[in-house]
Amino acid sequence: MSIPSAVRIFEVGARDGLQNEKQMVPSDIKVELIERLVDAGVTSIETGSFVSPKWVPQMADTADVMAKLSRRDDVTYAVLTPNMKGYDGAVASKADEIEIFSAASEMFNQRNINCSIAESLERFAPVTEAATAAGIPYRASISCALGSPFEGEEIAPAAVADVAKKLYDMGAYEISLGDTIGVGTPLRTKQVIEAVANVIPIEAVGVHFHDTYGQALANYLAALEMGVARLDSSVAGLGGCPYAPGATGNVATEDVVYMLDGMGVDSGIDLKKLVKTAWFISDFFGRPPVSSVARALKGKLN
Ligand code: HMG
Ligand code: MG
C-alpha cells in the first residue's frame, strides 16, 4: 500500500479540544477559532456537541456558535450527537454532518455515555435512521481503539473491528479509530487498522490519535502507510477526554500538517495561518501551544 497523495483533515479542536478545558470559552472566541481554521484551509471541522450540559458544560453553547458562524458552502461543519435530543439540536443548527460515537472499551463507554457498547449502538439506531431519512451524512468514532484507560482491560484488534463493522453497517461513511489515551505504538496501530480493513473498506477508515505518550505522529505515519487518508487532529494540541483518566491532547494539527508537507501529501491547509490560529487560542488560555511546530515557527510567521 502506498502513502495517499492527499488526505482529509478533520479538525476537532473546537469540540474535542475545548470540551476538556476548565476555563469557559465565550462563543465569540469559538467562532473566531473556527473561522480562522477555515481561512487556513480546513474544510471539515467539528464545531461542538449537543450533549448534556451537565456532563460537558463547555459545549453548552454549541447552538449559539453554529448560529454565529459565517459559513462557507465548501466547508463541512460537523457536530457530535449522543442521542435523539442531540440529533434534534444538530438539525436545528443546520449542521452539515453529525458524529456518533462508541468505544472498544466497555468500561470507558459506561463512564462516557452511561451504557454498554451494545446499548450504545442500539441507542444510536434512531439517530442514524433519522439522519439517513434527512440525508445528513454521519461518521462514527470508536474510542479506546488502541488501548483502555482502565487497568487490566485488554482491547483486542478483533473487538475494534467488530464495533467498526457494526457502525459501518449502520451507514457511517467513516469510522474513526480513536486512541483516546494515546498509548498506541506504530506496530499496534498497523495491527488494529489491518483488522478493521478486513471488515470495512480502507477508504472508510479514519484515525484520531492523542499524543499522550508522544507516539501520535509515528502512528499517523503507520496509518498513512496502510493507506488511511482520513486524519483527525486538533489545533494547538487542545484536548483530552473528560471520561478517560490520563487523556491529554489530541495530536496538534500543525504537527500533522508539517509532517504531511514534508512528505508531499496534500492537506489543503496553510501551515502559517494554522500556526497563527494555534497561537490565537493558546494566547486566550495564557499558555503556549502543545505543538512543537507552533512553538518552532512562532518567530517566523511573517
Ligand atoms: P444520561 O444521564 O444517561 O441520560 O446521559 P438521560 O437520558 O437520563 O438524560 C439526563 C439529562 O441530560 C436530562 O436532563 C436530559 O434531558 C439531558 P435533566 O432531566 O436531568 O435536566 N440530555 C441532554 N441535554 C442536552 N443534549 C442532549 C441530551 N441528552 C440528554 N443530547 C448522555 C446520557 C449521553 C446524555 C450523557 O452521558 C452525555 O451527554 N454524555 C456526553 C459525553 C461526551 O460528550 N463525551 C465526550 C465525547 S466522546 C470523545 O470525546 C471521544 C472522541 O473524541 C474520540 C476519542 O478521542 O476517543 C469522539
Ligand atoms: Mg478525542
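Read the numbers this way: they start at 1 and go in the same order the structure lists the ligands and their atoms.
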Inset, instruction - Would you mind running through ligand 1 and noting each atom that sits below 4.0 Å from a heavy atom of Ser141? - result: 58 (C)

Inset, instruction - For the residue pair Tyr138 and Thr132, confirm or rule out a side-chain donor-acceptor distance under 3.5 Å. - result: yes

Inset, instruction - Output all residues satisfying salt bridge (Lys or Arg N to Asp or Glu O under 4.0 Å) with Lys68, sequence neighbours left out; order by chain, then residue number. - result: Asp28

Legend entry - Non-hydrogen side-chain atoms of Leu146 and Thr189 separated by less than 4.5 Å: yes

Inset, instruction - Decide, yes or no, whether a salt bridge links Glu32 with Arg36 under the criterion of side-chain N to carboxylate O below 4.0 Å. - result: yes

Legend entry - Arg15 to ligand 1, any heavy atom closer than 4.0 Å: yes

Inset, instruction - Can you establish whether the number of heavy atoms outside Tyr258 located under 6.0 Å from its atom OH is more than 12? - result: no

Inset, instruction - May I ask you to identify, for Leu80, whether its side chain, its backbone, both or neither come under 4.0 Å of ligand 1 on a heavy-atom basis? - result: side chain

Inset, instruction - Answer yes or no: does atom CZ of Phe284 have more than 12 heavy-atom neighbours from other residues, nucleotides or ligands under 6.0 Å? - result: yes

Legend entry - Structural part of Val12 in contact with ligand 1, heavy atom criterion under 4.0 angstrom: neither

Inset, instruction - Check whether any side-chain heavy atom of Tyr77 lies under 4.5 Å from a side-chain heavy atom of Ser44, and answer yes or no. - result: no

Legend entry - Ser143 neighbourhood, listing ligand 1 atoms whose heavy-atom distance to it stays under 4.0 Å: 51 (C), 54 (C), 55 (C), 57 (O)

Legend entry - Structural part of Pro82 in contact with ligand 1, heavy atom criterion under 4.0 angstrom: side chain

Legend entry - Side chain proximity check, Ile98 to Leu80, heavy atoms < 4.5 angstrom: no

Legend entry - Close approach, Ser49 and ligand 1, non-hydrogen under 4.0 angstrom: no

Legend entry - Which of the ligand 1 atoms, numbered from 1, are nearer than 4.0 Å to a heavy atom of Lys54: 18 (P), 20 (O), 21 (O)

Legend entry - Pick from Trp55, Phe209, Phe50: the one approaching atom 38 (C) of ligand 1 most closely through a non-hydrogen atom: Trp55

Legend entry - Asp16 backbone or side-chain N/O/S under 2.8 Å from the Mg ion (ligand 2): yes

Inset, instruction - Mark up the atoms of ligand 1 that fall under 4.0 Å of a heavy atom belonging to Arg123, in ascending order. - result: 33 (C), 34 (C)

Inset, instruction - Just go through Met59, Lys85, His210, Arg111 and tell me whose heavy atom is the nearest to atom 15 (C) of ligand 1. - result: Lys85

Legend entry - Part of Val56 with heavy atoms under 4.0 Å of ligand 1, whether side chain, backbone, both or neither: side chain

Legend entry - Whether over 12 other heavy atoms sit under 6.0 Å from Glu153 CD: yes

Inset, instruction - Any atoms of ligand 1 less than 4.0 Å from a non-hydrogen atom of Gln19? List them with their elements. - result: 46 (C), 47 (C), 50 (O)

Inset, instruction - Give the atoms of ligand 1, by number and element, whose distance to some non-hydrogen atom of Asp16 is under 4.0 Å. - result: 50 (O), 53 (O), 56 (O)

Legend entry - Contacts of Phe101 that satisfy ring-ring contact (aromatic ring centres under 6.0 Å, His included) - sequence neighbours left out: Phe124

Inset, instruction - Mark the output for Pro53 as yes if a heavy-atom distance to ligand 1 is under 4.0 Å, and as no if none is. - result: yes

Legend entry - Side chains of Ser233 and Thr253, donor plus acceptor under 3.5 Å: yes

Legend entry - Per-atom contacts, ligand 1 versus Ile113 - under 4.0 Å to a heavy atom: 34 (C), 37 (O)

Inset, instruction - Answer yes or no: does an N/O atom from Glu99 fall short of 3.5 Å to an N/O atom of ligand 1? - result: no

Inset, instruction - Taking only heavy atoms of Gly86 into account, list the atoms of ligand 1 that are under 4.0 Å away from them. - result: 31 (N)

Inset, instruction - Before accepting this row, confirm whether a basic side-chain N of the pair Asp232/Arg139 lies closer than 4.0 Å to the acidic partner's carboxylate O. - result: yes

Legend entry - Exercise: do Ser291 and Asp255 side chains pair donor with acceptor under 3.5 Å: yes

Legend entry - Angle in degrees, rounded to 10°, that NE2 of His210 and NE2 of His208 form at the Mg ion (ligand 2): 90°

Inset, instruction - Measure the distances from the heavy atoms of Met84 to every atom of ligand 1 and state whether one is below 4.0 angstrom. - result: no

